[in-house]
Amino acid sequence: MNKITNINNLFKENTFNIIAGPCAIETEKYLYKTAEFLHNNNIQFIRGGAYKLRTSPQSFQGLGEIGIHLLHDVANHFNLITVSEITSITEIEIMNNYIDVILVGTRNMYNYPLLKELSKLNKPIILKRGMSATVDEWLLAAKYVSNIDTNIVLCERGIRTFETCTRNTLDLASAVWVQQNSNYNVIIDPSHATGDSNLIIPMSLAAFGSGCNGLMIEIHPSPKKALSDGKQMLNFSQFSELLEKLHKMKCFLTT
Ligand code: PEP
Ligand code: MN
């Protein structure tokens, strides 16, 4: 049973939603610790990849089905909403049955057969921007999923530019442009946009200050031991620091 029917209802209740969790689901112990931490901090969503699309075939490829079941069970224990990436049409059934919000990653934004299949499900979708997609292409990809329903949120995760000091270039202006020129809620993923844990807090505050609708952030109990994307992951105390700063900024903006 899905914990939510339409993801955009959550954005009506709470204008800024935070999704956090590991890049990849690794062990039950880490996942449990992360879920418990999120629950204690009133975060509603947990993310975690089971099917990982890694640049190198030698890198950890994810736990697959086992990971999906782990995420489902641990999240249920803490009543968290699950977000996990689909990488192929063959994963539709398991995702539909066990995951609350299906994430379409940057590498699949152009996978139109997958988007068409997803549009047949009555399922919340987060659609990331392709790493070299124009805003127009991103919005058209969203139409593949949302021409039947409006159960979709867009996520800016950085684009490829000539700059190499960050993993990608966070295109915050385009995210705000999309909000101003469409009806979509847009969230920001500073983790994949920067690839650098030192930049997550400043970019998250910039996203909040710009009026974006939320964040997707990679966190891990011990980022140094993470099997993927350790360099961009926040540990729990850094994530708590971010929450505190967001809270202060919210108070500042509303007074
Ligand atoms: C992810 O969010 O797990 C992910 C792989 O991100 P992206 O598709 O943006 O690279
Ligand atoms: Mn990652």
Side-chain angles (χ1 to χ4, degrees), residues 7 17-26 30-31 34 45-57 59-64 67-68 70-71 75 81-88 91 95 99-111 114-115 118 124-133 135 137-138 141-142 145 152-161 166-172 174-175 186-197 199-200 203-204 207 212 214-235 239:
I7 191 168
N17 284 286
I18 299 178
I19 300 162
C23 177
I25 298 154
E26 299 170 354
Y30 279 160
L31 199 62
T34 307
F45 293 89
I46 184 166
R47 61 148 288 147
Y51 300 97
K52 295 304 298 175
L53 293 175
R54 306 300 303 286
T55 306
S56 165
S59 303
F60 176 57
Q61 302 286 313
L63 296 181
I68 294 294
L70 266 180
L71 184 62
I81 299 164
T82 53
V83 179
S84 195
E85 182 179 353
I86 188 163
T87 61
S88 146
E91 295 151 14
M95 287 289 172
I99 295 299
D100 299 310
V101 180
I102 299 179
L103 176 65
V104 178
T106 195
R107 292 165 185 79
N108 273 306
M109 190 213 82
Y110 287 114
N111 186 342
L114 175 65
L115 300 183
L118 290 175
I125 305 285
I126 296 177
L127 178 67
K128 285 193 161 189
R129 181 180 182 180
M131 61 184 88
S132 52
V135 164
E137 289 167 338
W138 188 21
V145 192
I152 182 168
V153 163
L154 303 190
C155 178
E156 156 62 26
R157 50 78 68 199
I159 50 172
R160 277 260 164 104
T161 68
T166 48
R167 182 174 179 181
N168 291 289
T169 297
L170 175 59
D171 190 6
L172 198 50
S174 288
V186 183
I187 64 171
I188 302 296
D189 170 352
S191 309
H192 293 91
T194 68
D196 181 346
S197 60
L199 293 172
I200 307 305
M203 292 306 98
S204 298
C212 291
L215 293 168
M216 170 135 66
I217 296 190
E218 290 187 340
I219 64 168
H220 193 281
S222 314
K224 284 205 178 95
K225 293 193 193 148
L227 298 179
S228 61
D229 286 350
K231 278 199 227 148
Q232 67 195 35
M233 251 170 314
L234 295 187
N235 62 30
F239 185 74

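Order of appearance sets the numbers: ligands from 1, and atoms from 1 within every ligand. Each residue takes its place number in the sequence, starting with 1.
For the pair Q61 (side chain) and S59 (backbone), a donor-acceptor distance under 3.5 Å is present. Looking only at distances, no side-chain donor or acceptor of S197 sits under 3.5 Å from a matching main-chain atom of L234.
Distances from the Mn ion (ligand 2) to the N/O/S atoms of D229 are shortest for OD2.
Counting only heavy atoms of the protein, atom 8 (O) of ligand 1 lies nearest to T106 N, 2.8 Å. Among protein heavy atoms, atom 6 (O) of ligand 1 sits closest to K128 NZ, 2.8 Å. Counting only heavy atoms of the protein, atom 5 (C) of ligand 1 lies nearest to E85 OE1, 3.3 Å. Ranking the protein heavy atoms by distance from atom 10 (O) of ligand 1 puts R157 NH2, 3.0 Å first.
Minimum heavy-atom separation, I19 to R47: CG2-CB, 3.7 Å. Across all non-hydrogen atoms, the minimal contact from H220 to P22 is CD2-CB, 4.5 Å. A pairwise comparison of heavy atoms in I126 and C155 identifies CG2-CB, 3.8 Å as the closest pair. Pairing each heavy atom of P190 with each of L215, the nearest pair is CD-CD2, 4.3 Å.
Rounding to the nearest 0.5 Å gives a distance of 8.5 Å between CG of L127 and CD1 of I125. Note: L227 CG to R54 CZ = 8.5 Å, rounded to the nearest 0.5 Å.
Residue contacts with ligand 1 leave out N108, since none of its heavy atoms falls under 4.0 Å from the ligand. Contact analysis puts R47 in contact with ligand 1, with a non-hydrogen atom separation below 4.0 angstrom. Under a 4.0 Å heavy-atom criterion, M131 is not in contact with ligand 1.
The shortest N or O to N or O distance between E218 and ligand 1 is not below 3.5 Å. Inclusion of D189 in the set of residues having an N or O under 3.5 Å from an N or O of ligand 1 is not warranted.
For ligand 1, the atoms sitting less than 4.0 Å from at least one non-hydrogen atom of G105 are 8 (O), numbered in the order shown with element in parentheses. The R107 neighbourhood of ligand 1 comprises atoms 10 (O), with distances under 4.0 Å to a heavy atom of that residue.
Angle OE2 (E218) to the Mn ion (ligand 2) to SG (C23): 90°, rounded to 10°.
Under the side-chain contact (heavy atoms from CB on, under 4.5 Å) test applied with Y51, the options I68, L63, I86 reduce to a single match, I68.
Of the heavy atoms in M216, none comes closer than 4.0 Å to ligand 1. Under 4.0 Å from ligand 1, the heavy atoms of L103 that appear belong solely to its side chain.
One finds a salt bridge joining D229 and R167 here, because a Lys/Arg side-chain nitrogen approaches an Asp/Glu carboxylate oxygen to under 4.0 Å.
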